[in-house]
Protein chains: 2
Amino acid sequence: MTAAVTQDARTRVLRAAVELFAKQGYDGTSVAQVISQAGVAKGGFYHHFTSKEALLYEVYGDLITRQLAAMDAIVARGSAPGETLRALIADLVESTAASAQQALVFWREQHKLGDERTEQYRRARRRYHDTVTNLIRDGQSAGSFAAVASPEMVTFTIFGVINELPLWYRPQGRKRPAQIATELADFVLAALAVPA
Amino acid sequence: MTAAVTQDARTRVLRAAVELFAKQGYDGTSVAQVISQAGVAKGGFYHHFTSKEALLYEVYGDLITRQLAAMDAIVARGSAPGETLRALIADLVESTAASAQQALVFWREQHKLGDERTEQYRRARRRYHDTVTNLIRDGQSAGSFAAVASPEMVTFTIFGVINELPLWYRPQGRKRPAQIATELADFVLAALAVPA
DNA sequence: CCCTATGGACCGACCGGTCGGTCCGCAAGT
DNA sequence: ACTTGCGGACCGACCGGTCGGTCCATAGGG
């Protein structure tokens with residue numbers, strides 16, 4: 001409501017955490033560093049977050065939720081396999097590039113996700129993974145895609161590039177996210193193209 | 001020579017470190033955990049290693065060196081681009097699968113590589129990367145490969161899957177490393193195939 | 001006045017690393 | 001063949017400092 005002249009403490013903490021976790025890793029970042037960069041005292045931090053771990057969950061939960069919602073919307077269109085795959089790649093690449101730091105933190109720290117609360121993030125990613133695999137498998141069965149490799153291998157390849165994108169993508173770089181997405185989709189669809 | 005009934009302490013420490021770093025991350029693993037699993041006391045550890053960081057360097061240095069040497073040998077054969085690319089993929093996949101934990105540790109902790117000593121690991125990976133990129137670029141110029149995507153994008157894709165292989169590869173799984181390598185090479189070469 | 005938001009002193013546990021010392025295989029001295 | 005001395009492998013108590021987390025005082029809007 002009140003348009004705060006500076007962001008509220010909670011938001012500042014979240015932003016500082018994303019930046020520091022991306023740069024130094026979760027275990028390599030102390031709560032003291034986070035609150036110092038956010039301009040908040042210890043008490044203020046623990047007023048908003050129950051623990052350092054809770055902070056980590058919040059950092060990567062948001063991106064995954066958005067990507068999953070976008071996936072559902074794209075699949076719901078019911079387009080041809082090739083078109084659907086292209087749209088999925090485009091959204092994944094662009095949302096990952098737009099939130100590269102969150103994506104990097106999730107990717108690097110996902111092995112810390114062990115408890116009940118975070119298992120759902122794993123399941124979310126798993127669902128995304130399975131959806132793409134099924135899309136490719138169905139496309140191959142229907143003859144829209146060539147059976148040049150197993151659906152699993154193709155899926156691992158697609159997610160492999162995208163998951164590592166935060167490591168090499170630079171917002172100031174030559175290539176815009178849309179162009180990266182196009183190139184990747186071209187590459188994948190060329191491999192899956194059925195011989196004329 | 002003397003087939004030690006138990007490995008020497010140094011080797012046990014190294015093995016324990018790889019395992020724990022892969023499971024919990026470098027910062028998430030204490031020296032106390034490493035020495036406990038290795039069955040060595042604190043003093044014994046610091047007799048063999050100057051610091052915890054030095055231990056990390058040793059854990060991932062060896063694999064990179066071997067992969068780079070294999071790459072040089074393959075390139076030196078001077079085979080056709082397609083054949084060379086297939087051989088590089090095969091070696092990368094198989095060596096990564098065989099040393100999945102080291103590969104995982106390197107990939108997850110590479111952002112910690114900042115000092116002089118470790119910069120060489122970065123350069124080694126960079127050289128591997130550039131070699132593949134040039135191979136694809138030359139192949140495209142010569143007409144052996146289709147210009148379906150930029151050489152950089154193709155390279156990122158290949159290394160993307162392979163770097164994430166430790167996350168999903170299971171030695172007891174259905175697919176042998178050689179089969180994974182074949183599938184991946186088939187996929188990549190299908191995309192790069194020039195239309196007949 | 002109470003309730004939410006915040007500050008900062010403070011806590012015990014644990015961190016990476018040090019240090020003085022023990023143990024033992026082995027080669028030289030006799 | 002027995003003794004002596006030495007050097008490297010290894011031990012575990014201990015260090016200062018930092019960790020994540022707690023607690024209470026306080027400020028200020030309703």
Side-chain angles (χ1 to χ4, degrees), chain A residues 1-60 105 108-109 111-115 117-118, chain B residues 1-60 105 108-109 111-115 117-118:
Chain A
M1 215 62 74
T2 66
V5 111
T6 91
Q7 301 160 326
D8 58 2
R10 191 187 161 80
T11 306
R12 284 186 341 253
V13 168
L14 241 9
R15 280 164 114 78
V18 172
E19 194 171 317
L20 290 167
F21 289 173
K23 199 188 307 171
Q24 311 173 340
Y26 171 76
D27 284 317
T29 303
S30 67
V31 174
Q33 287 180 296
V34 174
I35 64 176
S36 158
Q37 177 153 333
V40 167
K42 213 58 172 297
F45 172 82
Y46 279 97
H47 175 71
H48 291 290
F49 303 93
T50 62
S51 68
K52 186 190 176 188
E53 225 183 347
L55 178 61
L56 177 61
Y57 303 152
E58 284 210 41
V59 161
Y60 47 47
V105 172
R108 195 183 273 150
E109 312 291 348
H111 62 105
K112 295 219 163 0
L113 276 61
D115 72 353
R117 196 171 17 157
T118 54
Chain B
M1 215 59 78
T2 67
V5 113
T6 93
Q7 301 161 324
D8 59 2
R10 189 188 162 81
T11 306
R12 283 186 342 253
V13 168
L14 242 9
R15 281 163 113 78
V18 171
E19 196 171 315
L20 290 168
F21 289 173
K23 198 187 307 171
Q24 312 173 339
Y26 171 76
D27 284 318
T29 302
S30 68
V31 173
Q33 287 179 297
V34 173
I35 65 176
S36 158
Q37 176 153 334
V40 168
K42 209 61 173 296
F45 172 82
Y46 279 98
H47 174 72
H48 291 291
F49 302 93
T50 61
S51 68
K52 186 189 176 188
E53 225 183 348
L55 178 60
L56 177 61
Y57 303 152
E58 285 210 40
V59 162
Y60 47 46
V105 172
R108 194 182 275 148
E109 312 292 347
H111 65 288
K112 293 218 165 356
L113 275 62
D115 71 352
R117 195 171 20 156
T118 55

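Every chain is numbered from 1, with letters handed out A, B, ... down the list of sequences. Remember, it's a predicted structure, so these values are computed and weren't measured experimentally.
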**OP:** Sugar-phosphate means primed atoms, P, OP1 and OP2; the rest is base. With that split, encode nucleotides 9-23 of chain D 5' to 3' as B, S or - using protein heavy atoms under 4.0 Å.
**Re:** BBBBB-----SBBBB
**OP:** Would you please test B:Phe49 and B:Leu56 for side-chain contact (heavy atoms from CB on, under 4.5 Å) and show each step?
**Re:** CA-CA 10 Å; B:Phe49 302 93; B:Leu56 177 61; over 6 Å; no
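Judged purely by atom type and a 3.5 angstrom limit, A:Tyr26 has no side-chain atom pairing as donor or acceptor with the backbone of A:Arg108. Side-chain N or O atoms of A:Glu19 include none that pairs as donor or acceptor with a backbone N or O of A:Ala16 at under 3.5 Å. Without hydrogens or angle criteria, A:Arg12 side chain to A:Val40 main chain gives no donor-acceptor distance under 3.5 Å.
Atom CZ of A:Arg10 is surrounded by more than 12 heavy atoms from other residues, nucleotides or ligands within 6.0 Å.
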